[in-house]
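I have placed the structure first, in the form of structure tokens, so that the comments after it can refer back to it.
Everything numeric in this text was worked out from a predicted model, so none of it was measured. Ligands are counted one by one from 1 in listed order, and the atoms in each one are counted from 1 as well.
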Amino acid sequence: MSQVATPDAQARGRSVLSRIAAGEDELESRLAAGLARVEERLRECAAGAADARVAEVVGYLVAAGGKRLRPLLTLVAAEFAEPGAPGVVDAAVICELVHVASLYHDDVMDQAHIRHGVPSVNARWSNSVAVMAGNWLLATSARLCADLVAQTLALHAEASARLVRGQLRELLGPGADDDPLDHYFGVVADKSATLMSLALRLGALQAGVPTAVADALAEYGEHLGVAFQIADDLLDITSSSGLSGKEQGKDLAVGVACLPVLLARADGDPRDDELRSLLSTPSGVAGEAHRRALELLRRSPAMARARTLMNERLERARSALHRLPSGPPSRALDALCDVVAHRTS
Ligand code: FPP
Ligand code: MG
């Protein structure tokens with residue numbers, strides 16, 4: 001990789017870590033060391049492209065940063081057995097590579113201009129380059145699976161298929177007989193919860209965590225992932241581009257039905273009348289209508305409803321934690337629910 005993770009990118013990863021491991025010095029330093037090894041391995045993977053210009057493209061978004069939430073989940077899951085077990089770091093790298101690959105593709109589909117505060121790959125190079133680079137990252141993640149515990153490759157393949165299914169279902173929209181909210185939660189579970197759950201499952205698997213604990217971790221990941229995506233929907237409406245590293249109001253602009261929009265449509269609150277009429281164009285809103293729709297959404301009662309649904313998911317995630325042995329790793333996962341509830345990027 002010609003670019004390495006910027007100090008800013010590394011700091012973002014550390015800041016989630018320092019928030020979830022506050023007061024647990026040993027856990028924090030083990031996880032920080034694990035994350036540093038993950039960065040190193042990610043860099044090696046991109047360099048493995050063995051062509052400087054390809055390495056630049058495939059390493060570009062990894063170097064731009066990200067919270068490294070999925071690798072962190074893998075490392076925390078391994079804490080329930082043998083954190084230093086061989087394969088734990090590579091399992092974390094696999095999840096980050098799949099995640100980054102999906103962002104390369106997602107930014108093409110969303111016609112995004114910015115990702116992690118830098119021009120997106122499609123904007124800097126082209127749609128075709130972004131799609132091919134995403135394919136390279138996905139293939140590279142599969143190669144790493146082949147050297148890990150036998151089940152790893154099957155779990156990776158299932159998760160990748162689920163991610164694509166989620167994205168396809170989002171593209172196709174709800175069928176005539178589908179409830180739009182049920183459809184939304186199905187999509188979100190596929191496209192966002194899958195990788196959180198996989199990250200925990202793979203960490204548990206490499207470290208030899210007992211099955212019942214691994215199942216509880218995966219269930220926690222499913223609920224956390226849904227909550228994380230709802231927070232993403234809310235951020236798209238409330239956050240400035242500078243903070244989120246993405247463009248504001250992108251879902252509205254490209255006609256992606258985010259949760260507050262679906263709720264404003266479904267609830268029929270008269271305070272949302274103007275908003276509903278602005279949102280009647282399925283392909284998205286532009287210009288002055290976009291600015292006005294964002295303004296109305298920010299003060300819509302649907303925002304509070306979406307927040308309540310997010311908090312309900314976080315409560316379900318916390319319930320799954322009750323099935324884990326208590327101690328620093330399960331407290332860290334509990335603290336992560338607060339981080340998601342107060343996401344700013
Ligand atoms: C971001 O959603 C996108 C995802 C969570 C998943 C995207 C999945 C694919 C493109 C399928 C292809 C998958 C592989 C494995 C290559 P968003 O647009 O709601 O969030 P954003 O605000 O971060 O863009
Ligand atoms: Mg997107």
Side-chain angles (χ1 to χ4, degrees), residues 12 58 61-62 64-67 69-70 94-123 127 130-145 153 155-172 183-199 221-222 224-241 243-262 284 306 310 340 343-345:
R12 259 179 275 170
V58 298
L61 266 198
V62 165
K67 293 177 277 297
L69 189 54
R70 291 148 198 86
I94 287 164
C95 297
E96 190 65 8
L97 288 175
V98 178
H99 169 60
V100 177
S102 79
L103 296 183
Y104 276 55
H105 289 185
D106 180 67
D107 284 345
V108 171
M109 295 168 70
D110 288 351
Q111 301 157 45
H113 296 99
I114 313 173
R115 173 67 71 180
H116 298 327
V118 297
S120 56
V121 179
N122 49 306
N127 283 349
V131 169
M132 286 302 115
N135 291 348
W136 188 93
L137 290 162
L138 187 62
T140 299
S141 68
R143 176 64 194 88
L144 291 182
C145 292
L153 191 55
L155 290 167
H156 171 278
E158 282 161 21
S160 303
R162 214 182 139 197
L163 263 180
V164 175
R165 180 180 68 184
Q167 198 74 1
L168 271 172
R169 289 173 79 196
E170 181 172 286
L171 272 177
L172 295 169
H183 176 263
Y184 169 87
F185 282 108
V187 166
V188 164
D190 277 352
K191 76 171 202 178
S192 301
T194 298
L195 268 186
M196 306 266 178
S197 187
L198 178 76
E222 288 287 334
L224 186 83
V226 173
F228 188 84
Q229 185 61 40
I230 299 175
D232 198 78
D233 285 7
L234 291 166
L235 275 178
D236 186 58
I237 295 159
T238 56
S239 173
S240 71
S241 297
L243 253 186
S244 70
K246 302 185 267 196
E247 296 137 284
Q248 192 181 30
K250 195 68 193 172
D251 290 339
L252 272 186
V254 294
V256 168
C258 64
L259 186 58
V261 165
L262 289 171
M310 175 185 76
V340 170
R343 263 187 83 182
T344 53
S345 67

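- If you take CD on Glu222 and CG on Leu198, they are separated by 10.0 Å, rounding to the nearest 0.5 Å.
- Between Ile230 and Tyr184 there is a side-chain heavy-atom pair separated by less than 4.5 Å.
- For the atom pair CZ (Arg115) and CG (Leu103), the distance works out to 4.5 Å, reported to the nearest 0.5 Å.
- The pair Lys250-Asp110 fails the salt-bridge criterion, with no side-chain N (NZ, NE, NH1 or NH2) lying under 4.0 Å from an Asp/Glu carboxylate O.
- The line from CD of Gln167 to CG of Leu172 is 11.0 Å long, rounded to the nearest 0.5 Å.
- Atom OD2 is the N/O/S atom of Asp110 found closest to the Mg ion (ligand 2).
- Separation of atoms CD (Glu170) and CE (Met109) is listed at 7.0 Å; rounding is to 0.5 Å.
- Annotation: the span from Leu163 atom CG to Lys191 atom NZ amounts to 10.0 Å, rounded to 0.5 Å.
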Show me the short polar-atom pairs for ligand 1: any N or O of it lying under 3.5 Å from a protein N or O, with distances only.
unit_1	atom_1	unit_2	atom_2	d
ligand 1	2 (O)	Lys191	NZ	3.4
ligand 1	18 (O)	Asp106	OD1	3.2
ligand 1	18 (O)	Asp106	OD2	3.0
ligand 1	18 (O)	Asp110	OD2	2.8
ligand 1	19 (O)	Lys191	NZ	2.9
ligand 1	19 (O)	Gln229	NE2	3.1
ligand 1	20 (O)	Asp232	OD2	3.4
ligand 1	22 (O)	Asp232	OD2	3.1
ligand 1	22 (O)	Lys246	NZ	3.0
ligand 1	23 (O)	Arg115	NH1	2.8
ligand 1	23 (O)	Arg115	NH2	3.4
ligand 1	23 (O)	Lys246	NZ	2.9
ligand 1	24 (O)	Asp106	OD2	3.0
ligand 1	24 (O)	Arg115	NH2	2.8

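- The N, O or S atom of Asp106 lying closest to the Mg ion (ligand 2) is OD2.
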